[in-house]
Every structure is written in structure tokens, then in C-alpha cells.
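Heads up, the thing below is written out as C-alpha cells.
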Amino acid sequence: MSLKNRSLVSINDFTKEEQLQVLELARFFEKNPVQDILNNKVVATLFFEPSTRTRLSFESAVSRLGGKIIGFTDATSSSLQKGESFRDTIKTVSNYSDLIVMRHPKEGSARFASEVSSVPIINAGDGANQHPTQTLLDLFTINQTQGKLDNQHIAFVGDLKYGRTVHSLVMALCNFNCTFHLVSPLELKLPSSVKFHINESKQKYFQYTRIEDVIKNVDILYMTRIQKERFSDPIDYEKIKNSYILKNDMLAGTKENLKILHPLPRVNEINEDVDNSAKAYYFQQAMNGVYVRQALMSLIFGVK
Amino acid sequence: MKEFVVKAIDNGTVIDHIPSENVFNVIRILNLENFDNQILFGTNLESKKLGLKGIIKMRNKYFEKDEINKIAIFAPQATLIKIKEYQIIEKTTVTLPEKIEAIVKCFNPNCITNSENITTKFTVLDKVDVKLLCHYCEKITDKENFIISK
Ligand SMILES: [Zn+2]
């Protein structure tokens, strides 16, 4: 099926084949980043909640394709301040634009927007629910660094309970016969709904509390941030935060092909002495976001 | 002879096999506070099927399909009995549909349906142990946290 005029709200809106189609086209943009193919197209970036990094990545992608950008960067500067409903904002902006990229603090907002908008919606994050373009760029990066997506041993480290990037990446990887190594404090384990999905798709997972127990066996180490506000007792947080700081000396004896990923921004979970290691890959990962978003928008506009 | 705990009605509907603790929820969901005919109800009655059950009898009231669906959320195994002149003319068991619109609020306070004027939509994941997947926020609302939407 064609992705033309389709919205991307949840990673599961696209089949495995459709996800691979985006990745394949992203490889083209990696080599040919500037393409004049969105002339006369207007993309609205509606950030009801600020996220400079994600917004810049989308705007860079639109600019490299020759499209125009309208929008706002946080809700305080928009008509929402005047009490306009979210529904009316989306309806109005869909008359002004050919595609809407939106970030919103409420879960389900992107799904709702896709139902009232006359143009496709790309979800750039709806609360703690979904961030599907992050998942696409993570898949792209795994494939780029390992040459394949199949049969990978992937460790996820940190807040696996609330981390939406982890949830949707795990679900997407369930199509590729991967083994999941889940490293988290006991109170931040992967939710049972995601484990249910792993079991349903007959994949394997193992749980750990220490990075050291698994780091030598994996192809990908996917680090995430542990947020202080998730802990009821700040002392618990203080104990745990130190156990998940990746340092360069911990990389001794790890697999040659190991790559360290992180959705960024990081706080202190990856020591800066890791940055110079050939295994550190998080900045290239962020760069890949532009190629993937270029590919996605080209397919939605039906110009590639 | 069996003694009737709740008096028989001549015409109307009997909802039987309601879990005892949900009798008042069924009364609320059907908006029976404003019902203008006789209502008889009982809770903690003995039942082979449920242990203890509740029952509601409404005089001169017959249900539309969407009203039956509402009952199934709180009483997934309820029996609906139509009575005409003291005779049972129809007996059906309620079943939850695949999808539920409106009726229940999404339990997730951060769901868009709780801050905008949006009709809730759920996919029924489990018809007996009622679990509803929100079409919008993708979280599961279950019987522990049902709130009827007005
Ligand atoms: Zn919801």
C-alpha cells in the first residue's frame, strides 16, 4: 500500500514493509540530502509543547526538500492562549498547509488531529504515548551500524517503564527476530503490555539490573535517561542514577560491532569520555533523524 | 413454593445476574434516577451463577440495543428478560460489542478526550473481564476505573 496522503500517528500504523520503505528512501537522502522536491508545499510544525531538537530536525528536513514552513514553537504564542479549541486550531491550520507535524502534551492528541484534519498528520510526540519518527530513525540507525535489523541482541538501559521511545522501538523490532536485554531498576521495568507484545510475537527477553551483566553480549546498547521525578523517594533515585552511568572503561571486552545509542538529550547517563569511542553513535543517530523525516515526508507527498 | 424476594411485575424488563456491587452503577448508567415508573431492585441475592447477584425490574420499560451495551460494561453476564402480562416473552444475555463509543470516560487523566470535547472510543479487548483500549491514548481502562461519561 502507498504511504501517499497517510498520517503517521503510531508506529503500528505502518506495516513492517512500509517502515522498511521509509528506511530505504532515507538511505537515498543520506547520500543526496538536498532535493528540490517539495516546491510549493507548506508544512506546518505545531509545537503545543516545546521540543527544539525534534522541531529543528523536521524543519531541517523540510528545508532540504525545498518546502516552506509555518507554525509555532509553543502553545503560549498561539491562539490557544485565547481559548481556541485544539480541534479548531487543527482544522484552521489544515487549510493553510499540506502537512501538519505536531507535538502535544496530551496522549491521543495526534490521533484526534488526524481525524479532524484535511491534510496528513505526523505525530512528533503526544505525551507519553508515541513518537514514531524516533522509532524510524532508531531502526535506520541499527540497520546502518549493523548492516541488518534481524537477529540483533539489543540492551535497553534506564527508564523502561515510562520511556515511550523504548516501547515503540521494542514493538517495531518484534518483527525482526531480535533478543531484548532489559536493564532497569526494579521500579522502572518494561510494562507488562509491552512484554505481552514480545511474547505474542515469539521474541525473547531477559531482565537485568546491572549494565555489566549484559554489555559484553550485545550489538546495540540503547541508553535512556532516568528522570528524577519518577521516584517517590529521592534517595532511591540517588542510589540508582549512579548504577547507570556508562563510562569508557566499561566498553573493554565488548563486541567489535557494538554501537551505543541514546534518543538524546542526555543528562549524565553517558560519561563524556565515551564520546570519542568509535562505539558511541548517538550524535550520528540524531543526524539520521533528518534523512528519515525527509523520506517520510516525500512518501506522504507522493513525490518519491 | 419459592418465595419472591423481589415482587413480580406485569409488564416490563428484568435485568438479572448483575454483580451485586454493580447494581447502583447499572441504575446510574441507565439513568434510572429519572425513570418515571415502578422500579424494584435487589442486591446480595443468592445466585448459582455469581454467588451473590443483583436484580433490577422496571415496569413498562423495554430496551434499545445501545442501552443494552451500556449494561454489559458493568454486568457482562447479565440476562435481560422481557415480561408481558407476567409471562416471559424473551430472554437474552447481554454481550459487549467489539467497539464502545461514549458511555465510559478514559481513565488516563492526560488523555486528549478528557480535556477536549471528544466522544470516547474504545476497542473491547476482553469481554468478560472487561478491558477497554482507548482509541486515542492507547491506554487500557478496566473495571477498576470506569467512570460513566455524561
Ligand atoms: Zn484515552
Side-chain angles (χ1 to χ4, degrees), chain A residues 7-13 46 48-49 75 79-80 83-92 102-117 121 123 125-132 135 161-162 164-168 170-172 191-197 200 229-230, chain B residues 19 22 25 28-29 65-66 69-70 72-74 76-77 95-150:
Chain A
S7 289
L8 177 57
V9 171
S10 166
I11 190 66
N12 299 323
D13 291 352
L46 307 187
F48 295 87
E49 162 186 88
S79 53
L80 288 175
E84 186 186 42
S85 74
F86 174 59
R87 182 196 313 258
D88 287 2
T89 306
I90 296 296
K91 282 194 167 183
T92 306
M102 60 166 277
R103 157 81 57 119
H104 195 286
K106 297 279 179 189
E107 285 122 47
S109 52
R111 179 71 65 200
F112 177 65
S114 73
E115 292 173 349
V116 297
S117 169
I121 299 281
N123 183 6
D126 61 327
N129 187 33
Q130 283 271 342
H131 191 8
T135 307
K161 185 173 183 185
Y162 298 101
R164 64 182 172 200
T165 58
V166 173
H167 303 168
S168 44
V170 167
M171 290 207 209
S192 53
S193 57
V194 185
K195 286 179 193 159
F196 178 80
H197 194 88
E200 281 285 285
E229 59 270 27
R230 303 296 190 201
Chain B
N22 279 334
N25 280 324
R28 261 195 313 148
I29 207 168
K65 198 169 177 13
D66 64 328
N69 293 343
K70 289 186 194 179
I73 294 168
F74 286 105
Q77 300 174 71
T95 46
L96 270 179
E98 305 296 321
K99 305 259 178 207
I100 288 189
E101 293 206 8
I103 306 174
V104 177
K105 279 177 63 150
C106 178
F107 89 105
N108 174 10
N110 206 33
C111 178
I112 189 77
T113 58
N114 287 318
S115 54
E116 294 274 324
N117 181 20
I118 299 170
T119 306
T120 59
K121 283 188 219 168
F122 298 93
T123 302
V124 179
L125 295 181
D126 188 328
K127 290 190 179 189
V128 180
D129 197 28
V130 189
K131 288 189 194 308
L132 310 176
L133 177 70
C134 178
H135 166 74
Y136 293 101
C137 74
E138 303 176 37
K139 300 281 178 298
I140 295 169
T141 297
D142 61 26
K143 60 185 179 210
E144 305 300 312
N145 40 42
F146 283 150
I147 300 170
I148 299 164
S149 64
K150 283 289 171 197

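Treat the numbers as computed from the prediction; the structure is a model and nothing was measured. Every chain is numbered from 1, with letters handed out A, B, ... down the list of sequences.
- Of all residues in residues 131-147 of chain B, those placing a non-hydrogen atom less than 4.5 angstrom from a non-hydrogen atom of chain A are His135(B), Tyr136(B), Cys137(B), Glu138(B), Lys139(B).
- The side-chain hydrogen bond (donor to acceptor under 3.5 Å, both in side chains) test applied to Glu200(A) returns no partner, not counting sequence neighbours.
- Summarising the local packing, NZ of Lys195(A) is surrounded by more than 12 heavy atoms from other residues, nucleotides or ligands at distances under 6.0 Å.
- Heavy-atom neighbours of Lys91(A) NZ from other residues, nucleotides or ligands within 6.0 Å: at or below the threshold of 12.
- Most heavy-atom pairs under 4.5 Å with chain B: of the set Ala128(A), Gly127(A), Ser193(A), Ser10(A), this distinction falls to Ser10(A).
- Atoms NE2 and OG, from His104(A) and Ser115(B) in turn, are 6.5 Å apart once rounded to the nearest 0.5 Å.
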Candidate pair Asn117(B) and Arg87(A), rule side chain to side chain contact (heavy atoms under 4.5 Å, CB included), full reasoning: CA-CA 9 Å; Asn117(B) 181 20; Arg87(A) 182 196 313 258; 4.3 Å; yes
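- Within the 4.5 angstrom heavy-atom criterion, only side-chain atoms of Asn108(B), from C-beta onward, approach chain A.
- The CD1 atom of Ile118(B) lies 10.5 Å from the NZ atom of Lys106(A); values are rounded to the nearest 0.5 Å.
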